[in-house]
Chemist: 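Take a look at this one; I'll ask things after.
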Amino acid sequence: MPTPAQLIWCGGAEKLTPVDPLNSLTGFLNRLGLARVAAMVVVAVMLLGFFGFLMFRITTPQMAPIYTGLSFDDSAAIVSELNTMNVPYKLAGDGEAILVPRDQITPIRMSLAESGLPARGQVGYEVFDEQNTLGATSFVQNINKVRALEGELARTISSLSRVKSARVHLVLPERELFRREVASPSASIVLDVRGALSAGEIRAVRHLVAAAIEGLSPNAVSVVDTAGSLLASGAAGEGEAGMGALFQERVLSFENRMRTRIEEILSNVLGIGRVRVQVSAELDMNRMTRTEETFDPDGQVVRSAQTRELTNAATGASPGGGVSVANELPGAVGGNQGGGSSEQSSTTEETINYEISKSTLTEITESGSVKRLSVAVVVDGSYLTDGSGASAYQARPEAEMAQLLSLVRSAMGYDQTRGDQVEVINMQFAERPDLQVPAAQSGLFSFTRDDLFAAAEMAVTLLIALALLFFVVRPLVRRVLKPEDAPLALAAPAAAGTLGSTAGPADGGGAGSNAQPSGAGGNPSQDAWMEQASKMGEAQAQTVQRVGEMIGENPQQTSMIIRDWLNQAA
């Protein structure tokens with residue numbers, strides 16, 4: 001159905017004018033005005049840009065560092081390998097860090113490790129895989145062996161959490177022929193550390209290197225950091241000089257272990273934070289070796305026995321007889337037998353060897369034994385709450401303190417003969433432990449720093465989007481889509497149609513008109529027509545009056561409607 005604004009009366013006949021879409025668009029823009037059209041364009045551009053940014057951020061992969069602290073050689077090699085793999089990457093920190101998509105970090109690291117990257121400027125045992133050993137001399141092989149050992153040790157030391165990079169130099173002297181003296185190997189290490197290394201960590205590095213080289217002593221390993229500070233010297237006498245620090249560490253470790261043991265047993269009884277323990281230990285750092293031999297005279301045993309018996313026989317002449325040749329001849333019979341005498345003697349010797357029992361005792365007393373312990377324990381009291389909610393401090397009874405003292409003595413291994421001292425005192429703490437609310441463990445700490453940054457970025461983007469929608473887009477859209485004054489737009493065409501339809505019957509000269517001449521009178525139908533015309537005239541007058549009032553009240557809208565009519569008529 002055509003609208004009243006599209007109906008134009010021409011000579012009493014109704015004609016329908018077709019609507020041009022371009023003219024309708026132009027008229028709509030004219031009705032809106034330049035300010036509203038510009039506002040709509042700005043809002044559309046802002047919305048398109050915002051949603052385009054969101055789409056770009058969502059589709060862009062989240063980047064994370066795959067390696068940091070790289071040298072330029074390693075960075076160049078890794079970038080070349082990533083280009084071959086068609087993996088997007090991003091350089092950061094002047095080329096010292098390379099960022100790749102977070103979801104591809106593990107496969108990329110495995111692929112780079114297969115290619116031996118990053119090498120970190122160090123050569124390991126792979127040096128033997130890159131050379132043909134057939135034509136290599138012994139000198140070259142020895143040099144490659146030292147390089148491989150240095151590179152592998154540097155890689156192992158760099159794997160420590162507190163060490164960023166390491167460089168190792170080894171001195172492995174060769175034993176010369178026909179020479180008894182052999183020079184001992186030595187090593188020097190340069191460390192780039194995070195913060196400062198403790199004495200235990202430095203000693204661990206030295207022992208790590210010494211255990212990997214045959215004949216190398218930990219005291220012959222010198223350690224220096226990149227700032228030029230000497231962490232451990234490789235001097236020969238450092239072993240004796242460094243024993244003091246080692247002993248001090250052992251004392252501190254023993255005191256901490258003893259304090260933790262006592263605090264644990266008391267905290268289970270009194271509650272966490274209601275006890276404080278301090279331990280002072282005196283350790284014997286002297287190493288003593290004692291050898292003792294004991295002989296038992298009552299425990300003798302016959303080892304061997306030897307007996308020897310000797311017998312002697314002698315014969316002599318009488319004093320009156322003589323000695324002649326006849327007497328000495330064999331078989332001769334002495335002429336004076338009755339005049340001689342004979343003697344016989346025997347000797348017995350006995351030798352007995354005894355084995356005496358002997359016991360040998362060798363006693364070695366290692367350093368670190370406890371000479372004396374002093375333990376000081378401070379215990380907080382109890383707090384009672386009255387009916388009004390106020391709490392009052394109350395000291396612990398003597399019987400309970402005696403039980404706590406027994407617990408402490410049992411936990412520390414109290415020995416009165418050793419001179420140990422234990423003091424358990426009940427005093428009020430400056431701050432009540434139960435008022436210290438522990439920090440709640442939230443799932444937020446399970447996320448990484450990159451996840452937190454991404455969540456913060458999304459939250460800020462969402463806030464900006466909401467602010468744009470509520471404070472910019474919503475007022476502009478409401479202003480653009482504000483409805484026009486509908487009664488005013490329809491009153492003028494309706495009034496025009498009413499005027500046209502009323503003027504048609506009143507005009508008697510129109511072609512095809514069925515109106516009766518006004519001079520005819522006394523006709524009932526004419527009277528009825530006149531009455532109807534009178535009513536229509538009154539309605540027309542009221543309509544014209546109402547249109548005039550509305551035009552006076554809304555001149556701007558009236559001008560826009562008239563402009564629209566003119567455009568449609570054109």
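Computed from heavy atoms alone, side chains included, the values below leave out hydrogens, waters and symmetry copies.
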Chemist: For Ile364 and Arg287, work out which heavy atoms get closest and say how close.
Modeler: CG2-NH2, 4.0 Å
Chemist: Got Leu197 and Val223 here, is their nearest side-chain heavy-atom distance under 4.5 Å?
Modeler: no
Chemist: Taking atom CE of Met85 as the centre, report whether more than 12 heavy atoms of other residues, nucleotides or ligands fall under 6.0 Å from it.
Modeler: yes
Chemist: Could you report the tightest heavy-atom contact between Arg206 and Val221, atom names first, then the distance?
Modeler: NE-O, 2.9 Å
Chemist: Side chains of Gln421 and Arg372: closer than 4.5 Å at any heavy-atom pair?
Modeler: yes
Chemist: Would you please test Leu172 and Ile213 for side-chain contact (heavy atoms from CB on, under 4.5 Å) and show each step?
Modeler: CA-CA 9 Å; Leu172 305 178; Ile213 305 300; 3.5 Å; yes
Chemist: Can you list the residues that meet the ring pair (Phe, Tyr, Trp, His ring centres under 6.0 Å) rule with Phe254, with sequence neighbours excluded?
Modeler: none
Chemist: How long is the span from the CZ atom in Arg303 to the CD1 atom in Ile352, to the nearest 0.5 Å?
Modeler: 14.5 Å
Chemist: Which distance, rounded to the nearest 0.5 Å, do you find between the CD1 of Ile262 and the CD of Gln278?
Modeler: 10.5 Å
Chemist: Could you check whether any side-chain heavy atom of Ile157 comes within less than 4.5 Å of a side-chain heavy atom of Val209, counting everything from C-beta outward?
Modeler: yes
Chemist: Show the nearest heavy-atom pair for residues Ala210 and Ser217, with the distance to one decimal.
Modeler: CB-C, 4.0 Å
Chemist: Would you check if the side chain of Arg162 reaches a backbone N or O of Ala196 as a donor-acceptor pair within less than 3.5 Å?
Modeler: yes
Chemist: Give a yes or no answer on whether the side chain of Ser267 reaches the backbone of Glu263 with a donor-acceptor pair at less than 3.5 Å.
Modeler: yes
Chemist: Rounded to the nearest 0.5 Å, what separates atom CD in Glu282 from atom CZ in Arg418?
Modeler: 10.5 Å
Chemist: Identify the heavy atoms of Glu255 and Val279 that sit nearest to each other, and give their distance.
Modeler: CD-O, 3.5 Å
Chemist: Should we say atom CD of Glu423 is surrounded by more than 12 heavy atoms from elsewhere, each under 6.0 Å from it?
Modeler: no
Chemist: From Ser111 OG over to Leu82 CG, what is the distance, rounded to the nearest 0.5 angstrom?
Modeler: 9.5 Å
Chemist: Dump the intermediate steps for side-chain contact (heavy atoms from CB on, under 4.5 Å) on Leu170 and Leu153, then the final yes or no.
Modeler: CA-CA 10 Å; Leu170 299 177; Leu153 288 174; 4.1 Å; yes
Chemist: Just so I know, are the side chains of Val275 and Leu404 near enough to count as touching, which here means a heavy-atom distance under 4.5 Å?
Modeler: no
Chemist: Run the side-chain hydrogen bond (donor to acceptor under 3.5 Å, both in side chains) check on Glu174 and Asn142 step by step: do they pass?
Modeler: CA-CA 10 Å; Glu174 296 182 0; Asn142 292 334; 3.3 Å; yes
Chemist: Check whether any side-chain heavy atom of Thr365 sits under 4.5 Å from a side-chain heavy atom of Asp284, and report yes or no.
Modeler: no
Chemist: One pair to check against salt bridge (charged side-chain N to carboxylate O under 4.0 Å, His left out): Glu150 and Arg147. What are the steps and the verdict?
Modeler: CA-CA 5 Å; Glu150 292 177 349; Arg147 290 180 60 194; over 6 Å; no
Chemist: What is the minimum heavy-atom distance between Asp420 and Gly413, and which atoms define it?
Modeler: OD2-O, 3.9 Å
Chemist: Please check: side-chain N/O of Asp225 versus main-chain N/O of Leu191, any donor-acceptor pairing under 3.5 Å?
Modeler: no
Chemist: Do Met285 and Val251 have side chains that approach each other closer than 4.5 Å (heavy atoms only, starting at C-beta)?
Modeler: yes
Chemist: Among Leu266, Leu405, Val422, which one satisfies side chain to side chain contact (heavy atoms under 4.5 Å, CB included) with Val377?
Modeler: Leu266
Chemist: Keeping the roles fixed (side chain from Ser410, backbone from Ser406), state whether a donor-acceptor pair exists under 3.5 Å.
Modeler: yes
Chemist: Just wondering, more than 12 heavy atoms not from Glu214 lying within 6.0 Å of its CD?
Modeler: no
Chemist: Just checking Arg194: does its CZ atom have more than 12 heavy atoms from other residues, nucleotides or ligands closer to it than 6.0 angstrom?
Modeler: yes
Chemist: Decide yes or no for Val370 and Leu283: does some side-chain heavy atom of the first lie under 4.5 Å from some side-chain heavy atom of the second?
Modeler: yes
Chemist: Can you measure from CZ (Arg274) to OH (Tyr383) and round to the nearest 0.5 angstrom?
Modeler: 6.5 Å
Chemist: Are there more than 12 heavy atoms of other residues, nucleotides or ligands under 6.0 Å from atom CD of Glu350?
Modeler: yes
Chemist: Does Ser80 reach the main-chain N or O of Ala77 with its side chain, forming a donor-acceptor pair under 3.5 Å?
Modeler: no
Chemist: Between Arg109 and Ile66, is there a donor-acceptor pair closer than 3.5 Å when you use the side chain of the first and the backbone of the second?
Modeler: yes
Chemist: How long is the straight-line distance from CZ of Arg203 back to CG of Leu208, given to the nearest 0.5 Å?
Modeler: 13.5 Å
Chemist: Run the side-chain contact (heavy atoms from CB on, under 4.5 Å) test on Tyr414 and Leu373 for me, step by step, so that the C-alpha distance in whole Å, both residues' side-chain angles and the decisive distance to 0.1 Å come before the verdict.
Modeler: CA-CA 8 Å; Tyr414 178 77; Leu373 280 179; over 6 Å; no
Chemist: Between Leu270 and Asp380, is any pair of side-chain heavy atoms under 4.5 Å apart?
Modeler: no
Chemist: Locate the shortest heavy-atom distance separating Ala166 from Ser158; write the atom from each residue and the value.
Modeler: N-OG, 3.3 Å
Chemist: Run the side-chain contact (heavy atoms from CB on, under 4.5 Å) test on Glu293 and Lys358 for me, step by step, so that the C-alpha distance in whole Å, both residues' side-chain angles and the decisive distance to 0.1 Å come before the verdict.
Modeler: CA-CA 7 Å; Glu293 292 185 358; Lys358 179 183 67 172; 4.1 Å; yes
